[in-house]
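Have a look at the structure below, then the notes.
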Amino acid sequence: MRLLHHFLPGLLILAILSSASAQQPAASSYRATERRVNNLVHTRLDLQFDYAKRYAYGKEWLTLKPHAYPTDSLRLDAKGMDIKAVALVNGTSMQPLKYAYTDQRNLRVNLGREMPPGAAYTVYIEYTAKPDEANVKGSAAILEAKGLYFINPDSAVAGKPVQIWTQGETEGSSVWFPTIDRPNQKTTSEISLTVPSKYVTLSNGALVQQKPAGAGLRTDTWKMEQPHAPYLFMLAIGDFRITKDTWRGKEVSYYLEPKFAPQARAIFGKTPQMLEFFPNASAWSFRGINMPR
């Protein structure tokens, strides 16, 4: 008994250490912040859609600045696209640029000259996005990653709405437009959508222009003046009914399919109260967020 008495304190310590060790969280994989060579500044997109092929035909004007050092190259995420042209914008003229796109994932552009840090330059890209053919994989949290979704585009399913919409998280936006698809990048945006006139569009920021675009077509332009990450780029196109509300004098709109429109306020009616609560809640601080103007 005396021998056991002498060993008990040691056994107790070992048991405590073993228990503490078992409760330690498993080591997680380290993911460094993406290295910056170029910074996104502004993204301007002009998009048209082929419902039959499920393609998006895009023109892009991408403004960037070298981050800290001079650079003569640019790498963009562009998944499963046909790249038609790449050029450097010089005022009203275009200087064609050499590029490589062998892996269908990384668009590597030779800028033709060295760009100094902090100096803005604009690259023009003409491309076709093919989300259904892109062969991309999602993450453990979000399985789908094709970014741009055509819903019942040929009206084959009776009663199912015809729509186009996007889901960019985590790196799905680069399936429908070339970008640096990383959350530590921020860019303002201007997105023009040419669609059948019968449809309503929705995108980032404010709707600043609507104009006819030929027989049965209309072009809507949306502008977002606050920089945001590429995964937050969005668009929606379809037969929607808009119910307008307000919060502190600002428009709050609810976009619903026609059959759900009568229930718009029952579904979304507390949104102004939520907007009022979160900026003022003592447990939350939203001072660092610019609210829409």
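All residue numbers in this chain count up from 1 along the given sequence. The model shown is predicted, which means the values in this text are computed figures rather than measured ones.
- Taking all atoms of both residues into account, the shortest heavy-atom contact from Asp132 to Arg54 is OD2-NH1, 3.6 Å.
- A 4.5 Å side-chain heavy-atom check between Leu217 and Val195 finds every atom pair outside the cut-off.
- Side chains of Met115 and Asp72 form no contact here, defined as non-hydrogen atoms less than 4.5 Å apart.
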Next item on the list: Report the C-alpha distance between Ile180 and Val37 in whole Å, list the side-chain angles of each, state the deciding distance to 0.1 Å, and finish with yes or no for side-chain contact (heavy atoms from CB on, under 4.5 Å).
Entry: CA-CA 10 Å; Ile180 304 175; Val37 177; over 6 Å; no

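- With values rounded to the nearest 0.5 angstrom, Asp220 atom CG is found 12.0 Å from Ile191 atom CD1.
- Between the side chain of Asn106 and the backbone N or O of Arg108 there is no donor-acceptor pair closer than 3.5 Å.
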Check: Under the side-chain hydrogen bond (donor to acceptor under 3.5 Å, both in side chains) criterion, do Ser253 and Lys244 qualify, and how do the steps go?
Finding: CA-CA 4 Å; Ser253 295; Lys244 294 189 176 183; 5.5 Å; no

Note to self: Apply salt bridge (charged side-chain N to carboxylate O under 4.0 Å, His left out) to residues Asp77 and Arg182 and explain how you reach the verdict.
What the structure shows: CA-CA 9 Å; Asp77 297 291; Arg182 301 294 185 271; 3.1 Å; yes

Item checked: side-chain contact (heavy atoms from CB on, under 4.5 Å) assessment of Trp165 paired with Ile151 -> CA-CA 8 Å; Trp165 44 261; Ile151 309 303; 3.2 Å; yes

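- Annotation for Leu148 and Pro131: closest pair O-CB, 3.3 Å, computed over non-hydrogen atoms.
- Val175 and Ile125 fall into different hydrophobic clusters, where Ile, Leu, Val, Met, Phe, Trp and Tyr side chains are chained together by heavy-atom contacts under 4.5 Å.
- A donor-acceptor contact shorter than 3.5 Å is absent between the side chain of Asp46 and the backbone of Gly58.
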Next item on the list: Please lay out, stage by stage, how Thr201 and Trp222 fare under the test side-chain hydrogen bond (donor to acceptor under 3.5 Å, both in side chains).
Entry: CA-CA 9 Å; Thr201 71; Trp222 294 79; 3.0 Å; yes

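- Residues Val162 and Tyr199 have side chains in contact (heavy-atom distance under 4.5 Å, counting atoms from C-beta outward).
- Between the side chains of Asn152 and Tyr51, not a single donor N or O lies within less than 3.5 Å of an accepting N or O.
- Interatomic distance, Thr128 OG1 to Gln48 CD, rounded to the nearest 0.5 Å: 11.0 Å.
- Across all their heavy atoms, Pro262 and Pro258 have their closest contact at CD-O, 3.6 Å.
- The hydrophobic clustering, which links ILVMFWY residues whose side-chain heavy atoms are closer than 4.5 Å, places Tyr55 and Ile164 apart.
- In this structure, Glu126 and Glu60 have side chains that are not in contact, with every pair of non-hydrogen atoms separated by 4.5 Å or more.
- Put simply, the residue from Val86, Val123, Leu76 that forms a side chain to side chain contact (heavy atoms under 4.5 Å, CB included) with Tyr99 is Val86.
- Formation of a donor-acceptor pair under 3.5 Å by the Asp50 side chain with backbone atoms of Lys53 is found in this model.
- By the rule that hydrophobic residues join a cluster once side-chain heavy atoms approach within less than 4.5 Å of another member, Tyr254 and Phe260 end up as members of one cluster.
- Using a distance-only test at 3.5 Å, with no hydrogens or angles considered, a donor-acceptor pair links the side chain of Gln167 to the main chain of Glu169.
- Residues Leu62 and Pro178 come closest through the heavy atom pair CD2-O, 4.2 Å.
- The salt bridge (charged side-chain N to carboxylate O under 4.0 Å, His left out) test with Asp245 is passed by exactly one of Lys270, Lys250, Arg265: Arg265.
- Relative ring orientation between Phe177 and Phe233 is described as tilted, the plane-to-plane angle lying within the 30° to 60° band.
- Within the 4.5 Å cutoff, side-chain heavy atoms of Asp82 are placed close to those of Lys130.
- Note: Tyr255 OH to Ile242 CD1 = 4.0 Å, rounded to the nearest 0.5 Å.
- Side-chain N/O atoms of Asp181 and Ser174 include a donor and acceptor closer than 3.5 Å.
- Between the side chains of Thr194 and Thr219, at least one donor N or O sits under 3.5 Å from an acceptor N or O.
- A side-chain donor-acceptor contact under 3.5 Å links Asn184 to the backbone of Glu34.
- For the atom pair CD (Glu190) and CG (Asn204), the distance works out to 12.0 Å, reported to the nearest 0.5 Å.
- Criterion: ILVMFWY side-chain heavy atoms under 4.5 Å apart, direct or through other members. Under it, Leu275 and Ile267 are part of a common hydrophobic cluster.
- For Asn38 (side chain) and Ser73 (main-chain N/O), a donor-acceptor pair under 3.5 Å exists by modelled atom type.
- Other residues, nucleotides and ligands place more than 12 heavy atoms under 6.0 Å from the NZ atom of Lys186.
- Residues Asn90 and Gln95 form a side-chain contact, since some pair of their non-hydrogen atoms from C-beta on lies under 4.5 Å apart.
- Remark: Leu111 CG to Lys98 NZ distance equals 13.0 Å, nearest 0.5 Å.
- Atom NZ of Lys59 sits about 11.0 Å away from atom CG of Leu47, to the nearest 0.5 Å.
- A 4.5 Å side-chain heavy-atom check between Thr246 and Glu251 finds every atom pair outside the cut-off.
- Here the side chain of Gln185 pairs a donor or acceptor atom with the backbone of Leu40 at under 3.5 angstrom.
- Phe240 has its side chain out of reach of Leu202: every pair of non-hydrogen atoms, C-beta onward, lies at least 4.5 Å apart.
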Margin query: Between Arg113 and Leu88, does the side-chain contact (heavy atoms from CB on, under 4.5 Å) criterion hold? Intermediate values first, please.
Written below: CA-CA 10 Å; Arg113 60 186 173 89; Leu88 185 67; 4.0 Å; yes

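- With 3.5 Å as the limit, one finds a donor-acceptor pair spanning the side chains of Thr221 and Ser192.
- Closest heavy-atom contact between Pro66 and Tyr121: CD-CE2, 3.8 Å.
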Next item on the list: Evaluate side-chain contact (heavy atoms from CB on, under 4.5 Å) for Trp176 paired with Leu45, printing each intermediate quantity in order.
Entry: CA-CA 10 Å; Trp176 60 280; Leu45 297 172; 4.0 Å; yes

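- Residues Met81 and Leu97 share a hydrophobic cluster, clusters being chains of Ile/Leu/Val/Met/Phe/Trp/Tyr side chains in contact below 4.5 Å.
- Between the side chains of Thr63 and Thr122, at least one donor N or O lies within less than 3.5 Å of an accepting N or O.
- Counting only N and O atoms by type, the side chains of Thr188 and His42 include a donor and acceptor under 3.5 Å apart.
- Closest approach of Met234 to Thr166, counting heavy atoms only: CA-OG1, 3.1 Å.
- Between Trp61 and Tyr124, the ring planes lie tilted relative to each other; the angle falls in the 30° to 60° range.
- In this structure, Tyr231 places its OH atom where only 12 or fewer heavy-atom neighbours from other residues, nucleotides or ligands lie under 6.0 Å away.
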